[in-house]
There are 2 protein chains.
Amino acid sequence: MAAMATLAESSQASPLAQRLIDAAIDQFAEAGFAGASTRQIARASGTNMSSITYHFGSKEGLYLACADYIAEQIGAVHQPLHEHIRRNPPADAEAARTYLLALLENFARFMLAPHSQRLSQFVAREQQRPTEAFERIYARVMAPVLDTALGLVAIVRPSLDERARRVLVMNCIGMALVLRIARACVSRVMQVEDIDSATAEALVAGLRRSALTLLSEGPNP
Amino acid sequence: MAAMATLAESSQASPLAQRLIDAAIDQFAEAGFAGASTRQIARASGTNMSSITYHFGSKEGLYLACADYIAEQIGAVHQPLHEHIRRNPPADAEAARTYLLALLENFARFMLAPHSQRLSQFVAREQQRPTEAFERIYARVMAPVLDTALGLVAIVRPSLDERARRVLVMNCIGMALVLRIARACVSRVMQVEDIDSATAEALVAGLRRSALTLLSEGPNP
DNA sequence: GTCTATACTACGATAGAC
DNA sequence: GTCTATCGTAGTATAGAC
């Protein structure tokens, strides 16, 4: 059984274990837990099936190690900005709004980046039917960012009650999430085969404009 | 091979074929194409797996029949309103905005409804890695509604250029889609175990408010 | 039309050589 | 630590009885 999941969490996984995780994320993202096969994962990693047993105990152990690795990857995307916000609390609503837009743009650009596909697919599956893997990812990266965002929205839109602010946060997340999760629809609506960089910029610009509108205390009835 | 996919499309499938499709959507939604097993689908339908060969030719034939059925179901949700809009074109921007909000609320309520889970999961998988099944669903239900929505947005926000209007449509769709696709996040952010009807109403109300804001020609910089 | 029986392939897990 | 070999189970597809 070796050191198991702790290895993956501390990003000190052996080269082979890391290769297995990489290949496993591809397979799990594409085919789901049941559909992925340990044989194929091992083959793609240039090793054999027994290595999975050795390093992760079982197919499920490998799956959880993937979740930890993904949490680490997504965390790395948000951590610098998130940390900066925590160390430099917004002085006023204007600053808070700027922070929120930056958080959202950060997230949207990640959703648009090619390398987020396999990570997002993995997480998307977990969203539909959460397992232990979702708990780990949520606790590690989603909860902290959501907390920060909620705090900022409270400053930016003080006239909204708590629940309405929570809904507003989900509205904004949805606008970014759709870029990855409904990618096939997005590219069709944007009338492109694949989302090129010009289209991506238009999407980010539009998202910023929409988010700015929603996060401004306008003359809302 | 029998009549194959045409049966499913015309919703005149035999009772057994319909039971197979129902059970198959559950299995495909939960485990994906590879993960689902024809044995289990047949068992859940109270028959044996040779019936699948007979009615649909193969596992893939069954999968496509599920896609057709799903397109039919989702189409039924939108068709009455969609048809009404086509027959009664909006007289002014105000009417167009009312239509758009109604379309969006319609969609959001569907995303929140329990029975949309298996259908959405099936479609979500296809969005990530589209196959022939996605083409069928897109052509049948998504394309018409998107066309209508784009036409309405052109009336409602004439100052935006074509591409910005397309982005805006995706923004709005994202706000509704997230209710189902990131359900695990939504329930945590809304601080409920499951999304009860009161929470659902708050989500719909917030979505309407946000969409109304985005669809108004405000003092946007 | 629906069933049983079966051919063939692939799965995850484990034992044991090195 | 990584390998080969193997066990028991489950997968799809097909042939043929009724």
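Since this is a predicted model, take the numbers as computed values, not measurements. Just so we're on the same page: letters track the sequence lines, and every chain starts at 1.
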Student: Select from B/M49 and B/G46 the residue whose nearest nucleotide in DNA chain C is closer to the 5' end of that strand.
Tutor: B/G46

Student: Which of residues 37-45 of chain A have a heavy atom under 4.0 Å from DNA chain C?
Tutor: A/S37, A/T38, A/R39

Student: Could you check how far CG of A/L62 sits from P of C/dC11, rounded to whole Å?
Tutor: 15 Å

Student: Salt bridge or not for A/E162 and A/R165, using N-O below 4.0 Å?
Tutor: yes

Student: Chain B on DNA chain D: first and last contacting nucleotide, 5' to 3', under 4.0 Å to a heavy atom?
Tutor: D/dG11 to D/dA15

Student: Output yes when a side-chain donor or acceptor of A/R166 lies under 3.5 Å from a complementary backbone atom of B/V189, and no otherwise.
Tutor: yes

Student: Show the numbers, then the answer: is there a side chain to side chain donor-acceptor pair (under 3.5 Å) between A/T131 and A/E126?
Tutor: CA-CA 7 Å; A/T131 70; A/E126 282 293 326; 2.9 Å; yes

Student: Between A/R183 and A/Q117, do the side chains contain a donor N or O and an acceptor N or O under 3.5 Å apart?
Tutor: no

Student: B/R140 versus B/E72: any side-chain heavy-atom pair under 4.5 Å?
Tutor: yes

Student: Less than 4.0 angstrom from a charged side-chain N to a carboxylate O is my criterion; do A/E135 and B/R188 meet it?
Tutor: yes

Student: Indicate yes or no: does A/D22 engage A/R118 in a salt bridge with an N to O separation below 4.0 Å.
Tutor: yes

Student: Write out all pairs satisfying ring-ring contact (aromatic ring centres under 6.0 Å, His included) with one or both partners inside residues 114-133 of chain A, taking only residues at least two apart or from two chains.
Tutor: A/Y63-A/F122, A/F110-A/H115

Student: Grab the CG-P distance between B/N48 and C/dA5 for me, whole Å please.
Tutor: 11 Å

Student: Examine distances only and state if a side-chain atom of B/T148 and a backbone atom of B/P144 form a donor-acceptor pair shorter than 3.5 Å.
Tutor: yes

Student: Using a 4.0 Å heavy-atom cut-off, does A/L16 contact any base of the nucleic acid, only the sugar-phosphate backbone, or nothing at all?
Tutor: sugar-phosphate

Student: Nearest whole Å is fine: how far is C/dA13 C1' from A/E60 CD?
Tutor: 14 Å

Student: Counting distance alone, no hydrogens or angles: does the base of C/dT4 have a donor or acceptor under 3.5 Å from a partner atom on the side chain of B/S50?
Tutor: yes

Student: Atom CZ of A/F33 to atom P of C/dC11: distance rounded to whole Å?
Tutor: 14 Å

Student: Check the distance between C/dT4's C1' and B/Y54's OH and give it to me in whole angstrom.
Tutor: 18 Å

Student: Between C/dA13 atom C1' and A/H55 atom NE2, what is the distance in whole Å?
Tutor: 17 Å

